[in-house]
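In this chain, numbering begins with 1 at the start of the sequence shown.
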Amino acid sequence: MTPITEVEGRRLPLSNLEKVIHPATGTTKGEILHYYATVAPCLLPHLRGRPLSFLRYPDGPDGQLFFTKNPPPGTPSWVKTVSVPRSEEKDARQVLVEDLPSLMWAANLVVEFHTPQWTADAPALADRLVLDLDPGPPATVVECCRVALRLRERLAADGLEAYAKTSGSKGLHLYVPLEPAPSERVQAYAKQLAVETEAELPSLVVHRMTKALRPGKVFVDHSQNNAAKTTAAPYTLRARREPAASAPVTWEEVEACEDPGLLAFGLTDMGPRIQDHGDLLAPLLDPDRAGRLP
């Protein structure tokens, strides 16, 4: 029988808690649920109001992976959804995870959490800019850190403050809190930054996705500012061999990174990091920290 757990007054059937999701570490579904309950105070503010997309991996990273924007079958009536019309589906809806019961319901599906750069009450009006720094082997997160530091300086010259997190995969994400601006303008500015940085650091940076251009370089992906695209949320676990987390990091950690292992954080690292640092991305949620798009 599936055990029923009560979370803030909501009854949740949490299934297969002993199932191993990450064989490399023996991490079970129950441990994943405990992780999300632990990081919820920091994670939930970054999810609230943003229509979610899920990358589901119920049988682990070696099983079937599938990306979904629509509410999964069996979504409880108390889980909030919001209308997000798409060109191919005018009446489409997506899930909002606004509280701990909704978070635990979603985590029970075994998902990565992905968010757009805008909120449901202001579609395609971005309140943050994101740059995804993706290394092409043999480049690693070490090279991403070099690029991130240069982009931080460039953004500061325009009066914008950047914050960093690991992608939970190979690279880094840079976020900038913005006074709301049309997504197409934000994407155009992000592309301009990527092109400028490639011109300045041609041996290290590429702004185009073409795979033949990427070995040994850092791809500065500006496209995730497109209103239709999403980025892995802060603190989400990733569908990797080990339960890697998308972890906010300090600029001191970025500056000191000389080995990829220094910026590799997993499920068991995040509780202590939150105790030590709190939410390093909290400034993204503060309207007073938002900069104006040039």
Side-chain angles (χ1 to χ4, degrees), residues 5-14 29-56 68-69 71-72 75-82 84 93-123 126-128 130 163-168 173 175 177-178 180 230-239 243-249 265-290:
T5 301
E6 186 168 305
V7 181
E8 295 182 351
R10 301 293 188 185
R11 289 171 56 83
L12 294 175
L14 302 180
K29 186 176 176 184
E31 290 172 310
I32 290 172
L33 290 170
H34 181 264
Y35 166 82
Y36 279 114
T38 300
V39 303
C42 291
L43 168 60
L44 281 170
H46 294 287
L47 301 183
R48 286 194 183 105
R50 298 182 191 273
L52 292 185
S53 301
F54 299 134
L55 177 66
R56 298 185 61 181
T68 179
K69 291 190 173 185
T75 298
S77 60
W78 48 263
V79 171
K80 292 183 180 179
T81 64
V82 65
V84 185
R93 301 187 70 82
Q94 289 178 230
V95 166
L96 295 177
V97 167
E98 309 254 276
D99 52 29
L100 184 60
S102 299
L103 177 64
M104 300 311 293
W105 161 77
N108 187 57
L109 301 173
V110 189
V111 302
E112 293 182 1
F113 294 94
H114 291 249
T115 62
Q117 314 317 321
W118 44 268
T119 58
D121 58 358
D127 62 357
R128 59 186 58 176
V130 64
Y163 302 87
K165 72 177 179 73
T166 68
S167 67
H173 293 157
Y175 280 103
L178 294 176
T230 60
T231 306
Y235 304 102
T236 188
L237 296 178
R238 305 302 302 269
S246 184
V249 293
F265 301 106
L267 172 148
T268 58
D269 298 313
M270 297 310 296
R273 283 186 63 81
I274 289 172
Q275 285 187 342
D276 290 342
H277 299 294
D279 178 16
L280 290 169
L281 295 182
L284 292 177
L285 307 168
D286 181 356
D288 292 336
R289 305 293 285 269

Notebook entry, point to check: Can you tell me if T115 uses its side chain to pair, donor with acceptor, with the backbone of L47 under 3.5 Å?
Noted result: no
Checklist line | Euclidean distance, T236 OG1 relative to L43 CG, rounded to 0.5 Å | finding: 7.5 Å
Margin query: Can you tell me how far apart CG (L14) and CE (M104) are? Round to the nearest 0.5 Å.
Written below: 6.5 Å
Next item on the list: Identify the two heavy atoms, one from Q94 and one from S53, that lie closest to each other, and give their separation to 0.1 Å.
Entry: NE2-OG, 3.8 Å
Check: Looking only at heavy atoms, what is the nearest atom pair of P13 and N108, with distance?
Finding: O-ND2, 3.4 Å
Check: Which pairs pass salt bridge (Lys or Arg N to Asp or Glu O under 4.0 Å) with one or both residues in residues 93-106, sequence neighbours excluded?
Finding: K80-E98
Notebook entry, point to check: Can you tell me how far CG of L178 sits from CG of L284, rounded to the nearest 0.5 angstrom?
Noted result: 9.5 Å
Checklist line | T231: partners by side chain to side chain donor-acceptor pair (under 3.5 Å), with sequence neighbours left out | finding: Q117, Q224
Next item on the list: Taking all heavy atoms of W118 and all of P51, pick out the closest pair and write down the distance.
Entry: CZ3-CG, 3.8 Å
Next item on the list: Name all residues meeting the side chain to side chain donor-acceptor pair (under 3.5 Å) criterion together with T119; count only those two or more places apart in sequence or in a different chain, and write none if there are none.
Entry: D121
Next item on the list: Mind checking side chain to side chain donor-acceptor pair (under 3.5 Å) for Y35 and listing every partner two or more places apart, or none if nothing turns up?
Entry: none
Item checked: Minimum heavy-atom distance between W105 and P72, given as atom pair plus value -> CH2-CD, 4.0 Å
Item checked: With A164 via side-chain contact (heavy atoms from CB on, under 4.5 Å) - residues at least two apart -> L174, V249, W251, V254
Note to self: Would the distance check show the side chain of R273 and the main-chain N or O of P248 forming a donor-acceptor pair, the cut-off being under 3.5 Å?
What the structure shows: yes
Check: With sequence neighbours excluded, what pairs up with R56 under the salt bridge (Lys or Arg N to Asp or Glu O under 4.0 Å) test?
Finding: none
Next item on the list: Only pairs at least two apart or in different chains count here, so list each salt bridge (Lys or Arg N to Asp or Glu O under 4.0 Å) that has a residue in residues 275-285.
Entry: none
Checklist line | Contact check, side chains of K29 and V110, non-hydrogen atoms, under 4.5 Å | finding: yes
Next item on the list: Quick one: closest heavy-atom pair of C42 and I274, and the distance?
Entry: SG-CG2, 3.8 Å
Next item on the list: Kindly write out the residues that satisfy salt bridge (Lys or Arg N to Asp or Glu O under 4.0 Å) with E112, not counting sequence neighbours, or none if the list is empty.
Entry: R238
Margin query: Give me each pair satisfying salt bridge (Lys or Arg N to Asp or Glu O under 4.0 Å) with a member in residues 44-55, each pair once, sequence neighbours excluded.
Written below: R50-D127
Checklist line | Residues in side chain to side chain donor-acceptor pair (under 3.5 Å) contact with K69, at least two apart in sequence or another chain | finding: none
Check: If you take all heavy atoms of T166 and A245, which pair is closest and at what distance?
Finding: OG1-O, 3.3 Å
Note to self: Test of understanding: with ring pair (Phe, Tyr, Trp, His ring centres under 6.0 Å), list the residues that count as partners of Y36, not counting sequence neighbours.
What the structure shows: F113
Notebook entry, point to check: Which value, rounded to the nearest 0.5 Å, describes the distance between H277 atom NE2 and Q275 atom CD?
Noted result: 11.5 Å
Margin query: Taking ring pair (Phe, Tyr, Trp, His ring centres under 6.0 Å) as the definition, give me every residue that meets it alongside H46, ordered by chain and number, with sequence neighbours left out.
Written below: none
Checklist line | S246 (side chain) donor-acceptor with Y235 (main chain) under 3.5 angstrom | finding: no
Note to self: With side chain to side chain contact (heavy atoms under 4.5 Å, CB included) as the criterion, how do T38 and M270 come out once you've worked through the C-alpha distance, each side chain's angles and the decisive distance to 0.1 Å?
What the structure shows: CA-CA 9 Å; T38 300; M270 297 310 296; over 6 Å; no
Margin query: When you compare the side chain of W78 with that of S102, does any pair of heavy atoms fall below 4.5 Å?
Written below: yes
Item checked: CG on L52 to OG1 on T81, rounded to 0.5 Å -> 11.5 Å
